[in-house]
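Quick notes on the structure that follows.
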There are 6 protein chains.
Amino acid sequence: MRIVVTNCNTTREMTEEIVRGARTAAGAGTTVTGLTPAWGPESAEGWLDSYLSAAAVMDLLRTYRGPAYDAVVLAGFGEHGREGVRELVDVPVVDITEAAAHLACLLGRRYGVVTTLERSRGQIEDSLETAGVARNCAAVVGTGLGVLDLGDAARTEAAFLAAAEQARAAGAEVLVLGCAGMTGLERTVGEKLGLPVVDGVGAAVKLAESLVELGLTTSRAGSYARPVAKRRTWGGGASEGMGRPGGAGE
Amino acid sequence: MRIVVTNCNTTREMTEEIVRGARTAAGAGTTVTGLTPAWGPESAEGWLDSYLSAAAVMDLLRTYRGPAYDAVVLAGFGEHGREGVRELVDVPVVDITEAAAHLACLLGRRYGVVTTLERSRGQIEDSLETAGVARNCAAVVGTGLGVLDLGDAARTEAAFLAAAEQARAAGAEVLVLGCAGMTGLERTVGEKLGLPVVDGVGAAVKLAESLVELGLTTSRAGSYARPVAKRRTWGGGASEGMGRPGGAGE
Amino acid sequence: MRIVVTNCNTTREMTEEIVRGARTAAGAGTTVTGLTPAWGPESAEGWLDSYLSAAAVMDLLRTYRGPAYDAVVLAGFGEHGREGVRELVDVPVVDITEAAAHLACLLGRRYGVVTTLERSRGQIEDSLETAGVARNCAAVVGTGLGVLDLGDAARTEAAFLAAAEQARAAGAEVLVLGCAGMTGLERTVGEKLGLPVVDGVGAAVKLAESLVELGLTTSRAGSYARPVAKRRTWGGGASEGMGRPGGAGE
Amino acid sequence: MRIVVTNCNTTREMTEEIVRGARTAAGAGTTVTGLTPAWGPESAEGWLDSYLSAAAVMDLLRTYRGPAYDAVVLAGFGEHGREGVRELVDVPVVDITEAAAHLACLLGRRYGVVTTLERSRGQIEDSLETAGVARNCAAVVGTGLGVLDLGDAARTEAAFLAAAEQARAAGAEVLVLGCAGMTGLERTVGEKLGLPVVDGVGAAVKLAESLVELGLTTSRAGSYARPVAKRRTWGGGASEGMGRPGGAGE
Amino acid sequence: MRIVVTNCNTTREMTEEIVRGARTAAGAGTTVTGLTPAWGPESAEGWLDSYLSAAAVMDLLRTYRGPAYDAVVLAGFGEHGREGVRELVDVPVVDITEAAAHLACLLGRRYGVVTTLERSRGQIEDSLETAGVARNCAAVVGTGLGVLDLGDAARTEAAFLAAAEQARAAGAEVLVLGCAGMTGLERTVGEKLGLPVVDGVGAAVKLAESLVELGLTTSRAGSYARPVAKRRTWGGGASEGMGRPGGAGE
Amino acid sequence: MRIVVTNCNTTREMTEEIVRGARTAAGAGTTVTGLTPAWGPESAEGWLDSYLSAAAVMDLLRTYRGPAYDAVVLAGFGEHGREGVRELVDVPVVDITEAAAHLACLLGRRYGVVTTLERSRGQIEDSLETAGVARNCAAVVGTGLGVLDLGDAARTEAAFLAAAEQARAAGAEVLVLGCAGMTGLERTVGEKLGLPVVDGVGAAVKLAESLVELGLTTSRAGSYARPVAKRRTWGGGASEGMGRPGGAGE
């Protein structure tokens with residue numbers, strides 16, 4: 001089977017890293033194809049980035065012309081868009097946020113999420129809530145590191161371990177890596193913490209494979225019916241430099 | 001004061017209608033400026049449209065070069081994006097979904113929402129939940145009419161009244177118009193139902209004025225900090241015809 | 001329009017202070033009339049005071065013979081009675097507790113309340129819950145100061161700032177002044193904290209104006225139907241000295 | 001031991017009926033003293049009546065000069081005031097609303113409440129919620145009968161049975177009599193329905209006896225600390241005829 | 001009346017201690033019969049013990065051939081089985097977990113549970129949740145002592161007081177003894193803490209007496225219908241030494 | 001890998017049927033070993049059966065002496081025991097109730113469960129709640145058929161379709177087979193309903209494989225620590241005929 005894994009940002013290096021993680025998790029018969037949005041933010045940190053990313057990922061899949069695929073994995077932790085992609089494609093769609101939480105619920109009575117910036121907490125909490133798996137989440141804790149700062153492995157690990165202790169004190173018995181860019185970290189920190197650590201990318205790949213193998217796909221009854229046929233324009237194409245965006249209201 | 005009201009779709013007639021509703025509600029000293037996204041869906045019905053719309057509305061405000069404004073009203077009922085716009089601009093941002101619910105809570109112990117297509121129910125429920133005002137929502141009921149079908153006033157009113165009875169049976173003591181395109185309907189149906197009917201556009205205009213007059217604006221501490229400076233591209237610019245979108249997975 | 005603002009206690013100085021706050025918030029065309037209950041507690045601190053106050057405020061409005069008014073603002077933070085007043089009068093009724101929370105929800109993802117005595121926490125939590133706006137309340141924190149101790153501005157400000165830090169640590173991104181007697185404090189502490197601070201009196205005045213301008217008033221369907229005609233006696237008229245009340249059970 | 005049972009209205013016949021029910025439930029060594037408020041509504045139906053009643057009941061206990069008592073039972077189903085009475089007296093206080101729910105939870109997985117007028121539903125739901133026992137309440141259903149209409153036994157029984165079927169359909173496995181004036185009905189309708197039916201008056205008497213026998217009374221730490229010493233006036237003493245109350249806003 | 005009190009483990013000394021506590025609480029006309037399971041764990045600490053205990057207690061009551069009884073008290077704090085026993089017998093069944101919580105709700109706005117090992121927290125939280133009384137539980141705190149370590153009174157008291165402070169800081173105004181083996185401790189620690197402390201055994205005895213005296217018993221409609229007639233075998237009879245159990249998966 | 005699938009009752013035919021379903025779902029490298037409890041109920045219908053079954057399944061795994069296994073699937077829909085088994089074995093444990101719900105959440109916004117007898121509803125609701133996946137469950141509906149009545153395929157299908165319509169009316173967009181004995185039905189009814197139908201056995205096998213392949217197993221920190229070493233006896237070994245069990249209280 002072929003699983004398409006979409007990065008939520010335009011940074012190709014991150015797509016490659018995610019694909020490496022996905023391949024490690026994938027079964028023998030699974031081909032993983034990584035896709036990078038043609039537009040959007042270079043990293044998704046906050047609500048503005050998240051909504052921009054959601055549209056870009058939908059456009060990416062809408063205009064995809066490669067080999068047919070059997071499932072989609074959305075590799076943006078806490079990012080928006082999964083319901084829109086469920087409307088768009090006929091194959092199962094698994095978001096790494098919900099995927100990690102689903103598996104974490106099977107491993108302990110309460111789980112915690114360790115993410116990048118504190119500001120992402122709200123999005124993650126809302127994403128878990130609407131996915132229906134927030135009940136057993138004890139805490140979402142930030143490390144203070146930005147998505148593009150995760151390259152320094154030692155610093156990332158130290159920050160993760162410190163945040164993990166906060167989650168543990170709040171009752172977490174299992175941890176979730178709260179960023180696609182943390183993929184791989186689960187092994188090193190899991191041992192040090194003595195706790196299971198779930199990576200959303202791997203979790204989503206396994207859940208996508210599971211759904212495909214069981215012959216299950218998104219319900220078209222109700223919420224995720226196919227998009228209504230209509231005129232849509234997908235973005236203005238304007239690029240934004242390195243400055244901060246700001247409306248004229250400011 | 002100047003309030004910018006953004007339509008969530010590219011249909012200018014609807015922007016005009018919304019602006020008419022907004023002006024009816026606005027105070028003497030308030031100027032209402034309607035904005036139509038340069039891209040996005042011609043109407044927002046479902047999650048895909050909603051996320052596309054969220055990005056388009058953020059782009060609209062990001063690239064806005066008109067006179068300075070004091071507040072933003074987001075006129076897409078149940079549509080995404082409000083948190084992103086809160087990050088983007090320094091002035092208060094009020095979404096018509098939450099606005100209608102806030103006022104409805106003051107008028108009865110439980111309120112109900114009457115919207116267009118049944119498929120929008122999920123988005124509206126999630127939007128009210130994360131806005132913190134879902135607790136007293138008794139029901140979200142669809143009329144079965146699409147956004148662009150609301151032109152036929154008699155049919156719309158009949159469908160609204162039928163759906164309203166369902167909401168009432170579920171405990172609603174106040175009703176909310178669940179689509180920006182229904183603005184104006186509150187008067188006719190309110191009398192027939194003997195219930196207060198809240199229009200989100202009017203509600204949002206009053207809440208925006210209230211915040212401005214009280215000198216209050218979005219907190220920058222935590223969730224709605226300013227967007228991080230980085231590279232972002234706002235859309236590919238590709239247009240979609242009248243067909244149904246669909247990924248290669250299908 | 002005329003808005004009647006009712007103090008929840010018999011202390012006229014506090015009514016005057018509240019009226020000053022209300023007038024600051026009120027629009028150009030709004031007349032604010034302050035009313036002080038003829039009976040009840042000299043300050044409301046705790047459940048006994050709150051229920052006594054609720055009856056006194058209802059009696060105050062029931063026997064009011066002044067010029068007609070367009071809305072009622074109930075200026076007792078966390079105090080009971082709003083549903084009863086909604087039954088009693090035909091105009092919109094806004095309680096400062098709910099009002100502050102409604103506006104706070106528009107300004108950040110989570111808000112906190114800073115109030116007087118710790119013992120008021122329960123009433124405030126229950127009041128926010130039944131008003132339907134507790135979901136995004138991160139914490140209600142007491143300053144340890146009684147209602148009639150708020151006169152010492154420096155001490156009040158210091159106590160407020162300390163309590164505000166607790167609320168912030170619990171996730172609050174916006175603060176609410178948890179006592180009508182704190183009106184005015186929002187400006188000084190807001191700047192020091194770098195957070196929006198919402199005063200319930202101002203918030204309620206704006207919401208009351210909003211409802212009046214939109215032509216909306218309390219639903220008579222269900223919960224807030226007019227009181228049934230019957231015999232009622234409004235109090236025995238007995239005064240209580242400065243002692244502690246106590247039943248014979250003690 | 002002596003248990004004081006307070007009626008929530010000024011109708012002595014109802015106090016007597018409640019006392020009869022309380023005595024049937026009371027243990028051999030328990031003396032039941034019924035008290036009727038000197039002021040307040042002749043029956044409590046709606047929020048205005050409920051808050052007026054709360055103050056009147058507190059005044060009744062505050063000015064009580066009879067023999068010492070060991071516990072208080074508040075016999076107003078869904079009425080306010082229990083927290084204020086807990087502050088006021090040093091002995092255990094049990095409200096019939098919560099009492100019935102506590103016992104009902106022990107008898108089935110979900111319970112339902114059958115009350116008088118539909119308009120009481122909100123108060124009862126809120127009362128159960130803040131008492132901490134709403135979770136297993138499947139439904140609160142009105143019979144359409146007013147408190148003072150319960151005298152016609154056949155009509156009351158028929159209305160109760162009809163409402164009970166609605167509660168059952170909503171999942172109730174146990175029923176609660178939702179009005180102190182229904183005391184005694186539990187036996188006749190219980191048999192016909194094949195369900196346990198809990199009367200709040202009897203339940204509250206047993207819970208009050210239980211607390212007294214276990215040497216337990218209200219915590220003074222936090223919410224229910226003794227009232228602060230201060231000036232309070234208990235009502236203006238004005239009587240209201242048979243008309244509908246209404247503020248000048250109307 | 002006769003109340004059967006079942007210990008949840010096979011340690012007879014603990015049954016005796018529980019019976020002593022039950023008799024202290026029981027009314028003059030109540031006979032308390034203590035029963036010890038013929039099989040099961042020697043103490044219940046954790047989920048495995050709890051489910052084993054549930055089956056053993058059901059078997060104990062199923063095979064009981066002593067004098068008829070009027071109610072059952074299940075004396076295992078946080079242990080499973082109450083719903084099964086409700087199906088099995090026709091008399092009222094009260095579990096000490098829920099019993100303590102029901103009474104605690106009447107004594108303060110929030111209660112806390114102090115239990116033995118931290119690992120029991122989850123079971124207790126789930127038990128309170130499904131019993132419908134978790135809403136006002138502020139915290140469940142462990143003392144770090146095992147069930148069979150409670151014999152050292154001084155150590156137990158010290159550990160209890162330390163844990164109680166944690167519960168208090170979390171908002172508890174009333175405490176609950178979180179283990180049947182703590183019965184008797186409520187008096188000594190209650191005084192030191194200045195808080196009411198509820199023992200589940202005493203609470204359950206009073207609630208059982210209350211239900212019997214009111215003529216109430218478990219509903220057979222729905223959840224707790226009588227067990228379906230069928231073949232069942234009650235255990236293999238194998239004993240386990242002092243080692244740790246472990247499946248072949250290890 | 002080897003997955004042990006435990007039936008919750010003593011009926012070997014049902015174990016075989018479950019194993020067939022499990023093998024259909026299992027991956028190429030997975031060996032499925034079915035285990036039937038040596039004792040317990042012949043079918044699990046109700047709480048008494050469920051707790052008896054929980055102990056029997058734990059005993060089954062405790063005394064298992066076959067080849068080592070990599071994961072456990074507990075094939076009793078809505079039955080108790082999963083937390084105890086998690087304490088007992090070192091490999092991942094997946095219960096079919098939670099498994100079906102986890103996958104169903106990925107396929108639609110709300111799911112519904114169609115089960116056997118109405119009386120099982122409560123157990124299933126509680127099981128989903130504590131597993132952390134109840135939030136998006138729209139309804140649990142009974143077919144009125146007992147576990148051992150499922151053999152008549154036509155009747156089962158008809159009853160399932162009728163119950164499914166109820167779940168759909170309550171908002172379910174995805175269905176879950178609410179009994180291990182229904183395995184296989186998902187294909188036939190799914191097509192007729194036009195909805196995805198999830199079988200818990202297949203879902204649990206895929207989730208167990210996923211956890212094993214990701215190298216994840218139950219957390220030992222907190223709730224699911226290994227059982228404490230102590231004396232335990234596993235049942236009295238007494239058999240119960242075909243009669244109804246009943247305590248001497250009756």
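Note that these values count all heavy atoms, side chains included, but never hydrogens, waters or copies made by symmetry. Below, chain A is the first sequence line, B the second, and so on; all start at residue 1.
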Item to check | Residue, of B/T24, B/L207, B/V94, B/V93, that accumulates the most heavy atom pairs under 4.5 Å with chain C | outcome: B/L207

Checklist entry - Between B/L211 and chain C, which part of the residue has a heavy atom less than 4.5 Å away: side chain, backbone, both or neither? => result side chain

Item to check | Side-chain (B/S219) to main-chain (C/L107) donor-acceptor, under 3.5 angstrom | outcome: no

Checklist outcome for this item: Turns out that what part of C/R110 lies under 4.5 Å from chain B's heavy atoms comes down to neither

Checklist outcome for this item: Between C/A221 and B/L195 the two heavy atoms that sit nearest each other are CB-CD2, 3.3 Å

Next on the checklist: If we check side-chain contact (heavy atoms from CB on, under 4.5 Å) with B/K206, which of these qualifies: C/K206, C/E209, C/E213?
Outcome noted: C/E213

Checklist entry - Taking all atoms of both residues into account, what is the closest heavy-atom pair of C/L214 and B/A25, and its distance? => result CD2-CB, 3.7 Å

Checklist entry - Is the side chain of C/R86 donor-acceptor paired with the backbone N or O of B/L106 at a distance under 3.5 Å, no angle test? => result yes

Item to check | Region of B/V205 that comes under 4.5 Å of a non-hydrogen atom in chain C | outcome: neither

Checklist entry - Is there side-chain contact between C/C105 and B/E98, with heavy atoms separated by less than 4.5 Å? => result no

Next on the checklist: Check C/R135 with B/E129, please: is the shortest side-chain N to carboxylate O separation under 4.0 Å?
Outcome noted: yes

Checklist entry - For B/S223, is it the side chain, the backbone, both or neither that has a heavy atom under 4.5 Å from a heavy atom of chain C? => result both

Item to check | Under 4.5 Å from any heavy atom of chain B - which part of C/R109 | outcome: both

Next on the checklist: Out of B/P196, B/G27, B/G108, return the one with the most heavy atom pairs under 4.5 angstrom to chain C.
Outcome noted: B/P196

